[in-house]
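Position 1 is the first residue of the sequence, and the numbers go up from there.
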Amino acid sequence: MKHRAILISAALFAACHNPTRTDDPDAFIMRHVETGLCTPVVIEGDSTWTIEERMKHYGVPGMSIAIIDDFKIAWVKSYGVMDSTSSRPVTDSTLFQAASISKPVFTMAVLKLAEMGAVKLDDDVNAQLRSWKVPENEFTATEKVTLKRLLGHVAGTTVHGFEGYVPGEPLPTLNQILNGEAPSNSPPVVVDQTPGSKWRYSGGGYCIASQVVLDAKGGTIPQHMDELVLKPLGMSRSTYQQPLPQAWTHNAASGHLPDRSPVKSKWHVYPELSPDGLWTTATDLAQFVIDLQRTVASDSGKVLRRASIMQMVEPFVDPFAGVGLTLENRKEEVYFEHGGWNEGYCGQIYGHLKNGKGAVILINANQPDFMGEVMRSIASAYDWPAFVPHYKEQPLEATALDAFTGRYRVGSDDLVTITRSGNKLIRQALHQEPNTLVHIGDNAFVSRLDERFRKFVPDSTGGMTIRVMDALDATSYGTLQRMKDDEHIPFEAIERGDRDAAVRAYSALDPTDPAVREEWLNNLGYGLLNEHKLQQAQHILYVNMQLYPKSANVYDSYAEACLKLGDKEQALVNYKRALSLDPQNTNAARVVSELTKELGASRK
């Protein structure tokens, strides 16, 4: 697995961690990868980090990476440990959960079945389904759910992702998952927007696609994946079997949560096989990426014809997504990619559409930012075109910067605050850490944390605006208007602890505004819980209860926040409300039983 000789980017020689020149070009390029970790945007003079430093910083126990160059695996290397408690080293054959990277691999299998005539990509799936049907409603009256739309996340289906199950728990059948019936821990998969109208990520849609495959071919998803993709590509250390077969478990890395603690059961089981079920290695996933690239470049893949694979790497409904993959157009350099997040695991694949460059990263931690740093280091070391932008700072006087400070409206319940610290502008987005903006000329600024440009431009009334652009010469862009001192968004009432004012402010928004969608507010509350902003989380989940009093989930979520704050009485009251609205809520039933006994005993 040797890589071909390449030119090393000059920017890397200026890095803080300069690799030592050796007679071995393989070792030299590997050291560049291992010492070149950087932010999404690099400013001239920035230093870099090492893999070891950043694994420690993020609390990532183990990682395996595979580098692809010139349509071949250049090298594979593993770092760290499989389990933070036993300290067994990760090896190149260690298994990781691929999480959502399961989706593009499954997509390749479905496209193969379409080539074989076993399924139809563009026909109504209800005409192909026998054991289950997509519930018809007003959204499916004129446009139908098709396999291609399901695989491309444009079928209008619900259920973003899945939590998985602790090993030993009862596992739902695919039919129970689709219907949201016990013991499934996810809601039913339904259509709630017009199929084909817009992209929205849906793991639930992939479960429907699984049912189409099973109704067409019988058998099991793991069997079909073995026959259609895994064996043809030589992915011998990969399986869609869930639970993981006992013979494989000794070589599987254990997952670790965002707070760095190990998953108590080592991992979760995902019966939702097509969206989340793949166990694999970096080497095996690299074979998948390479086959896709070779098929595109020369129609020499082992699974699909070029005409079929192009559906995965050409825009489908939106320019950023094909069928089963996300697309990135970086100054006309096109990359395909897909990430994954399961409980305790993250992964990332990248591939250039034409030049045979790419990489696979698998980690046993929920730290995607770390993977981004590693991917950029690989990209810089192997000269991936247009992947890591570099700029030179053009300093401005403090008085010039003061003209840009203020609060800028992003939406009905979102804003960004610009302040000055010395001769630097600081951008503070809602629910995010502050970051420095760097002036690169003509009142245009970049952040090290994302690749967008922010240009300050006075409007016709003398107010200040920020143009948020993907390119400095962009003709279309978003505009943020500076807010007046007495102008506020609803969440500011949450920040100052005024729960009742927050209810009034959110109630005053248009009911169709995404900011008052039940799912959005619920996710916002859980995000605040994860950030340990418990009081704010409780308040936003209280708002959700007032807006959606007939939903069992809002009471369940509010009760969880109460429990985290130690208010067991209110937790019990609201878990009971949740259970009365949804008697199948097994978690609420369990907690009600436990709290009833605990509080009853304490009153005696």
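The side chain to side chain donor-acceptor pair (under 3.5 Å) pairs that include a residue from residues 260-271 are D259-S261, where partners are two or more places apart or lie in different chains. Each salt bridge (charged side-chain N to carboxylate O under 4.0 Å, His left out) pair with one or both residues in residues 176-194, not counting sequence neighbours, appears once here: D192-R200. Residue pairs meeting the side chain to side chain donor-acceptor pair (under 3.5 Å) criterion with at least one member in residues 337-349, sequence neighbours excluded, are Q97-N342, E337-Q348. Residue pairs satisfying the salt bridge (charged side-chain N to carboxylate O under 4.0 Å, His left out) criterion with at least one member in residues 533-557, sequence neighbours excluded, are listed as follows: E531-K533.
Evaluation of the salt bridge (Lys or Arg N to Asp or Glu O under 4.0 Å) rule for R504 yields no partner, not counting sequence neighbours. Taking N523 as the reference, E519 meet the side-chain contact (heavy atoms from CB on, under 4.5 Å) condition, with sequence neighbours excluded. With sequence neighbours left out, E451 forms a salt bridge (Lys or Arg N to Asp or Glu O under 4.0 Å) with R330. H57 is linked by a ring pair (Phe, Tyr, Trp, His ring centres under 6.0 Å) to nothing, counting only residues two or more places apart in sequence or in another chain. The ring pair (Phe, Tyr, Trp, His ring centres under 6.0 Å) search around Y335 returns H352, W384, F387, not counting sequence neighbours. Under the ring pair (Phe, Tyr, Trp, His ring centres under 6.0 Å) criterion, F404 pairs with F445, F456, sequence neighbours left out. Annotation: salt bridge (Lys or Arg N to Asp or Glu O under 4.0 Å) contacts of R499 (sequence neighbours excluded): none. Under the ring pair (Phe, Tyr, Trp, His ring centres under 6.0 Å) criterion, F491 pairs with H431, sequence neighbours left out.
Note that CD1 of I466 is 5.0 Å distant from CG of L480, once rounded to the nearest 0.5 Å.
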